[in-house]
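Just below is one structure, and these are the notes that go with it.
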Amino acid sequence: MDARTTPPEIPNELADDILRGADQIAEFIFGERGSRRKVYYLAECSRLPVFRLGSVLCARKSVLLRWISGQESRVLDSAG
């Protein structure tokens, strides 16, 4: 690559959407990092839409918000 050539700007949308580690996921969902054990439990039970980058548990904020919305819809549908 030529030193005078700069790569095009890469949008940070994906980077801004990813939560890295159970602490960040717990803080996003439960409002506190101390709930990281809940995150591990839900991930182990396959109830939480997470993925791994190497050994780090990760999740996308947008996917978690859709998942939460779906959970709410199921509760409302079964109550009505």
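All heavy atoms count here, side chains included; hydrogens, waters and symmetry mates do not. Heads up: numbering here begins at 1 and tracks the sequence.
- When the shell of 6.0 Å around CD of Glu44 is examined, it contains 12 or fewer heavy atoms from other residues, nucleotides or ligands.
- Note: Arg47 CZ to Leu42 CG = 7.0 Å, rounded to the nearest 0.5 Å.
- The shortest heavy-atom contact between Ala22 and Arg36 is CB-CB, 3.9 Å.
- Of all the heavy atoms in Ala59 and Pro49, the pair that sits closest is CB-O, 3.9 Å.
- Nearest heavy atoms, Val56 versus Gly21: CG1-N, 3.7 Å.
- Taking CD1 of Ile25 as the reference point, atom CZ of Arg33 lies at 11.0 Å (rounded to 0.5 Å).
- Asp23 contributes atom CG, which lies 10.0 Å from atom OG of Ser35 (distance to the nearest 0.5 angstrom).
- Side-chain heavy atoms closer than 4.5 Å link hydrophobic residues (I, L, V, M, F, W, Y) into clusters, and following such links, even through other members, never connects Phe51 to Leu57.
- Note: the hydrophobic cluster containing Ile18 does not contain Trp67 (ILVMFWY, side chain heavy atoms under 4.5 Å, direct or indirect links).
- Side-chain N or O atoms of Ser69 include none that pairs as donor or acceptor with a backbone N or O of Leu65 at under 3.5 Å.
- Between the NZ atom of Lys38 and the CG atom of Leu48 there is a distance of 12.5 Å, given to the nearest 0.5 Å.
- Scored by the side chain to side chain donor-acceptor pair (under 3.5 Å) test, Tyr41 finds no partners at all (sequence neighbours excluded).
- Cluster annotation: Phe30 is connected to Leu19 through the hydrophobic network of ILVMFWY side chains, with a link wherever side-chain heavy atoms come within less than 4.5 Å.
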